[in-house]
Amino acid sequence: MKLLITGGAGFIGSAVVRLAVARGHQVVNLDALTYAACLDNVAPVADSPLYTFEQADIRDRASLNRIFTEHAPDAVMHLAAESHVDRSIDGPGDFVETNITGTYNMLEAARVWWVQAGRPDGFRFHHISTDEVFGSLPANPEVKFTEDTPYDPRSPYSASKAASDHLVRAWHETYGLPVVLTNCSNNYGPYHFPEKLVPVVILNALAGKPLPIYGKGENIRDWLYVEDHADALLTVLEKGVLGRSYNIGGENERTNLELVRTLCAILDEIRPKSAGRYADQIAFVADRPGHDARYAIDPSRIREELGWRPSVTVEEGLKRTVQWYLDNEAWWRPLQARDGVGQRLGTGRGAA
Ligand code: NAD
């Protein structure tokens, strides 16, 4: 299959690009190369004859039309987005433009291409979204997000992703565009940009800096190893029912404090400090405004209909991730100089 993958120089998109090429798919990686992108993420496949890169912005419709015509993809996997909740609090405009208008542009460019190509049955527009569109859950472990949970986004990021999900469904209902959607929980793993919790904790720990935990660290997330997510996405692309959405979770609920303590324990084991323990560096800081209490995925649909389950526990995935950061300083060190990295963002007092 020839896949047009947007956001393929980012964290999850690059995992999808690497896996898709490894499985013999042709891949066109479309990415604007924003602050969050890094072409080194796709270095393992960059020289493959199956791989092509197109630097383009999904806000630029003319570029999208050219790319669809030139590459004639069999399917689209749309991951390009502004993805950091804290940045969405300080500057929501970019999130509206890229996540909503950009998705609209992708849908229209895809629809025009699909109609011109004679509406091929096998064409797919796979929209990759987040479980944050469903809002915040109570602590009760019996209650989880299903595909029927009503949308209730609470941050500018999740509101922009919710809007994009609605557009994708509308293009299916109204124009018959063959779409599938996925809503996934928090990812972690190799090539995670060093502004997100897991890499921040690993790198601050190694640098002897405080490990910042928002509020009391009681917020619960369902952690998914990024390579498992990439595998789930290709599964949904190949086997998912048209017009249907699938929740993807890691079956690994942890509070932020538990997660950080696990990371500290792994570091204590494989890179012990000369004195003391990494958990001594934990520092509680002011909470994020509107911080959702709990996200948890009910994975029944993807498990029962498509036979997919995550392959690693969070403990195993975090071990692999810590080792990857220890082995790949040349990747993360330059990214720490990028705009906003290492600063506290999203307090609600930043400029719009
Ligand atoms: P990321 O920020 O690491 O990567 C996003 C990529 O999109 C970057 O390479 C960036 O250059 C590109 N991009 C941004 N704006 C663009 C534009 N206007 N035109 C073209 N390219 C643009 O994000 P990620 O964490 O890899 O997330 C990928 C997708 O998965 C997003 O749609 C996100 O909403 C979704 N998602 C992420 C998570 C998570 O835990 N990270 C969980 C669920 C869903």
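Numbering of ligands and ligand atoms starts at 1, following listing order. What you see below is based on every heavy atom in this structure, not just the backbone, and it leaves out hydrogens, waters and symmetry mates.
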Donor-acceptor side-chain pairing of [X] and [Y] below 3.5 angstrom:
X	Y	answer
Ser83	Lys196	yes
Asp228	Ser311	yes
His71	Thr52	no

Do the side chains of [X] and [Y] get close enough for a salt bridge, i.e. N-O under 4.0 angstrom?
X	Y	answer
Glu316	Lys319	no
Arg277	Asp268	yes
Lys144	Glu253	yes

Taking N or O atoms only and a 3.5 Å limit, does [X] qualify as a polar contact for ligand 1?
X	answer
Gly10	yes
His192	no
Ala80	no
Lys161	yes
Ile58	yes
Leu79	yes
Thr34	yes
Glu82	no

Identify, by atom number and element, the atoms of ligand 1 in contact range of [X], meaning under 4.0 Å from any of its heavy atoms.
X	result
Ala81	5 (C), 7 (O), 14 (C), 31 (C), 32 (O)
Ala37	9 (O), 11 (O)
Cys184	42 (C), 43 (C)
Arg59	18 (N)
Ala56	19 (N), 20 (C)
Leu33	11 (O)

For Arg66, is the CZ atom crowded, meaning more than 12 foreign heavy atoms sit under 6.0 Å from it?
yes
Taking the minimum heavy-atom distance to atom 11 (O) of ligand 1, which of Val42, Asp57, Asn183, Asp31 ranks first?
Asp31
Are any of the heavy atoms in [X] under 4.0 Å away from ligand 1?
X	result
Ser129	yes
Tyr157	yes
Cys38	no
Gly102	no
Gly8	no

Is the backbone N or O of Ser129 less than 3.5 Å from a side-chain atom of Asn183, with the two atoms forming a donor-acceptor pair by type?
no
For atom 38 (C) of ligand 1, the closest protein heavy atom turns out to be Ile12 CD1, 3.5 Å
Locate the shortest heavy-atom distance separating Ser185 from Leu224; write the atom from each residue and the value.
OG-CB, 3.9 Å
Non-hydrogen atoms of Val17 and Val42 that approach each other most closely:
CG1-CG1, 3.8 Å
Only one of Tyr35, Tyr188, Trp331, Phe11 passes ring pair (Phe, Tyr, Trp, His ring centres under 6.0 Å) with Phe193; say which it is.
Tyr35
Decide whether a cation-pi geometry holds between Arg87 and Phe95; the criteria are a distance under 6.0 Å from NZ or CZ to the six-membered ring centre and an angle within 45° of the ring axis.
no
Distance under 6.0 Å and angle within 45° of ring axis: Arg221 vs Tyr295:
yes
